[in-house]
Amino acid sequence: MEMLEKELLKKKAKSFKQVTGAESLILSLLEEGVDTVFGYPGGAIMPIYDALYDYQDKINHILVRHEQGAAHAAQGYARVSDKVGVCFATSGPGATNLVTGIADAQIDSTPLVCITGQVASHLLGTDAFQETDVIGISMPITKWNLQVTRPEEIPAAVAKAFYIARSGRPGPVLLDITKDAQFGKLDFAYEKCEKIRSYRPYPKLNLSEVDKAVELINKAKKPFILAGHGVLISGAENELKQFAEKAGIPVAVTLLGLSAMPTDHELYVGFLGMHGNYGPNIKTNECDLLIAVGMRFDDRVTGDVSKYAKQAKVIHIEIDPSEINKIIKADVAVNSDAKEALQALSGRVSKASHEKWVQEFRDCKKLEYEKVEQHDLYPGSKGLKMAEVVRMISEKADADTIVVTDVGQHQMVTSRYYNYRKPNTNITSGGLGTMGFALPAAIGAKVGKPGSDVVAIIGDGGFQMTLQELGTINQSKMPVKIVILNNNFLGMVRQWQQLFYEKRYSSVEMINPDFVMIAKGFNIEAAKVTDRNDIEKEIGKMLGHKGSYLLEVVVEKEENVFPMVPTGASVAEIRLE
């Protein structure tokens with residue numbers, strides 16, 4: 001018996017390794033399969049960076065030029081890689097600079113683990129140099145956060161952070177680690193977190209609700225599927241397609257749902273929202289059954305809620321119970337992962353065709369083409385249109401190309417005119433609408449999926465918010481392609497001022513720098529296009545270039561994006577001009 005106890009003690013001793021808290025963090029990240037971290041060092045996180053020095057062969061650290069860039073890059077990485085994005089920042093301003101990216105990740109359901117350094121625990125609450133209450137600041141915009149003040153807490157905190165970030169409806173988590181916890185010693189052992197009491201991220205599929213949904217679907221004459229980001233998060237693209245094909249139901253997608261359904265599929269009818277396609281918006285108020293899958297009825301989709309789909313029964317498939325009945329009341333609520341719910345529906349619904357109903361969407365598409373698209377794609381004007389540039393990129397890029405957009409007119413134009421053929425090839429800032437998102441997010445996307453081309457399409461305004469990340473692209477030798485659609489305006493704000501504020505253009509005109517010269521200052525190849533005759537050649541040159549490349553395209557200065565649902569209007573009041 002004594003011999004057995006000695007053996008057990010010996011084995012136990014081998015399973016522990018005495019390390020600093022900082023090194024335990026790095027070892028914990030490795031246990032979670034982390035291969036990339038985006039960050040920026042500083043005083044309060046220096047022990048962690050010192051520990052990272054010995055693990056450079058295992059973890060690739062991308063040095064960004066601003067902490068906001070670290071958060072957005074981690075988002076881009078997470079969105080394309082099916083992994084949790086990780087970013088580091090120091091205390092005080094380093095931590096607060098992460099806030100925009102964290103808020104963006106929270107509303108767009110992107111799994112992040114953000115690690116911030118903090119002043120020593122005995123200084124907490126004293127207004128010490130670079131101390132800020134990042135736990136209080138980040139509480140409303142994280143799925144979970146924790147301040148760690150003892151080294152032995154670090155492994156369990158990291159395990160819990162990764163589990164919470166990636167499970168159920170994903171989201172950002174923040175760990176704030178005091179400097180003394182980083183310096184302190186512990187016996188390191190790691191155990192992955194697989195459950196937390198009272199936290200149930202995967203609700204059990206209620207088959208009685210599925211049966212109620214099936215009954216409504218089989219009876220419907222004009223059913224309509226609205227597919228959101230949840231379809232992509234759950235990897236349910238094939239299930240969505242199979243369900244739609246079997247039941248013969250047209251499918252529209254939200255902004256973040258783009259690429260969940262191939263744009264050339266016969267049942268794909270376009271994208272929803274303020275600048276979405278005409279048919280999906282109009283027909284929302286004409287269908288008799290609305291099937292919402294992995295979407296939250298954002299105000300950009302619903303317009304005036306009091307006039308939204310009042311004639312229709314609503315089936316809402318959603319993993320987050322707090323989103324069900326929050327904005328639109330569901331007749332049938334399926335609180336479930338989208339993939340599981342769609343599999344169950346496909347196995348139960350009757351095979352059907354709604355050809356006359358689908359044809360109504362095609363008729364709307366024809367009208368939209370005549371009123372809007374042909375003028376966007378084949379303009380008689382001398383100036384280049386954003387749509388023709390985006391469509392040219394779409395035609396020349398391969399199906400695996402990941403398109404990252406910033407926020408503004410170019411984002412809406414890309415959503416309308418880029419033909420997404422494969423899932424997760426659309427990366428954008430949806431709920432928060434963060435200008436400056438695209439450039440750092442494109443860096444993360446390229447790291448997360450190095451085998452795919454990454455094209456960032458950005459407006460001249462948004463580009464200047466995070467253009468310092470060209471330094472990250474240069475130093476990391478990141479072959480990202482950047483297209484600036486330059487109209488020398490904050491285009492979306494100008495459009496609103498034109499349409500609703502009597503052309504009182506207040507603080508929207510941009511006097512821009514020489515973007516080509518700036519790019520070349522960062523050792524990035526660059527060119528500028530002003531003539532329609534050069535656009536095809538220059539896009540081909542950009543896409544064929546082996547390294548990073550910036551292409552500035554000067555587009556019409558006062559171009560508007562239509563269709564458009566005015567703020568406060570019903571989706572049925574969408575304007576074509």
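Nothing fancy with the numbering, it's 1 onward along the sequence.
Between the side chain of Tyr77 and the backbone N or O of Gly448, no donor-acceptor pair lies under 3.5 Å. Formation of a donor-acceptor pair under 3.5 Å by the Gln118 side chain with backbone atoms of Thr132 is found in this model. No donor-acceptor pair closer than 3.5 Å links the side chain of Gln56 to the backbone N or O of Leu52. Put simply, the side chain of Asn335 gets close to the backbone of Glu318: a donor and an acceptor are under 3.5 Å apart. Asp35 contributes no side-chain N or O that, together with a main-chain N or O of Ile59, makes up a donor-acceptor pair within less than 3.5 Å. Ser476 places no side-chain N or O within donor-acceptor distance of the main-chain N or O of Met478, the cut-off being under 3.5 Å. Checking side-chain atoms of Arg79 against main-chain N and O of Ile427 turns up no donor-acceptor pair under 3.5 Å. Of the possible polar contacts, one joining the Lys481 side chain to the His545 backbone as a donor-acceptor pair under 3.5 Å is found. Within the 3.5 Å criterion, the main-chain N or O of Gly430 finds a donor-acceptor partner in the side chain of Asp108. The backbone N or O of Ser429 lies less than 3.5 Å from a partner atom in the side chain of Gln411, making a donor-acceptor pair.
Side chains of Asn426 and Val403 form no contact here, defined as non-hydrogen atoms less than 4.5 Å apart. By the 4.5 Å heavy-atom criterion applied to side chains, Met412 and Gln495 are not counted as neighbours. When side chains are defined from C-beta on, Pro201 counts as touching Tyr163, because their heavy atoms get closer than 4.5 Å. Side-chain contact between Asp406 and Met435: present, with at least one pair of heavy atoms (C-beta onward) separated by less than 4.5 Å. Side-chain contact check for Thr116 versus Ser91: every heavy-atom pair is 4.5 Å or farther apart. Counting heavy atoms from C-beta on, the side chains of Pro41 and Leu63 come closer than 4.5 Å. Proximity of Phe129 to Leu123: side-chain heavy atoms (C-beta onward) are nowhere separated by under 4.5 Å. Between Tyr40 and His66, every side-chain heavy-atom pair lies at or beyond the 4.5 Å cut-off.
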Give the C-alpha distance, both sets of side-chain angles, the deciding distance and a yes or no for side chain to side chain contact (heavy atoms under 4.5 Å, CB included) between Tyr55 and Leu29.
CA-CA 11 Å; Tyr55 294 90; Leu29 295 179; over 6 Å; no

Verdict with reasoning, Leu124 to Glu131, per side chain to side chain contact (heavy atoms under 4.5 Å, CB included)
CA-CA 7 Å; Leu124 291 171; Glu131 182 200 357; 4.3 Å; yes

Would you sort out whether Lys143 and Ser167 count as a side chain to side chain contact (heavy atoms under 4.5 Å, CB included), showing the intermediate values?
CA-CA 11 Å; Lys143 201 173 170 189; Ser167 58; 4.1 Å; yes

For Val173 and Thr142, run side chain to side chain contact (heavy atoms under 4.5 Å, CB included): C-alpha distance rounded to whole Å, both residues' side-chain angles, the deciding distance at 0.1 Å, then the answer.
CA-CA 5 Å; Val173 167; Thr142 50; 5.9 Å; no

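Ring geometry for Phe88 versus Tyr49: interplanar angle over 60°, hence perpendicular rather than tilted (30 to 60°). The aromatic rings of Tyr420 and Tyr418 lie tilted to each other, with the angle between the two planes from 30° to 60°.
Under the 4.0 Å criterion applied to side-chain N and carboxylate O atoms, Glu32 and Arg166 are assigned as salt-bridge partners.
With rounding to the nearest 0.5 Å, the separation of CG in Asn488 from CZ in Arg494 is 12.0 Å. In this structure, NE2 on His275 lies 11.0 Å from CG on Leu255, to the nearest 0.5 angstrom.
Atom NZ of Lys326 has more than 12 neighbouring heavy atoms from other residues, nucleotides or ligands inside a 6.0 Å radius. A 6.0 Å sphere centred on CG of Asp127 holds no more than 12 heavy atoms belonging to other residues, nucleotides or ligands. For CD of Gln18, the number of neighbouring non-hydrogen atoms (other residues, nucleotides, ligands) closer than 6.0 Å is greater than 12. Summarising the local packing, CG of Asp299 is surrounded by more than 12 heavy atoms from other residues, nucleotides or ligands at distances under 6.0 Å.
Residues Thr20 and Glu23 have side chains that never bring a donor and an acceptor to within less than 3.5 angstrom of each other.
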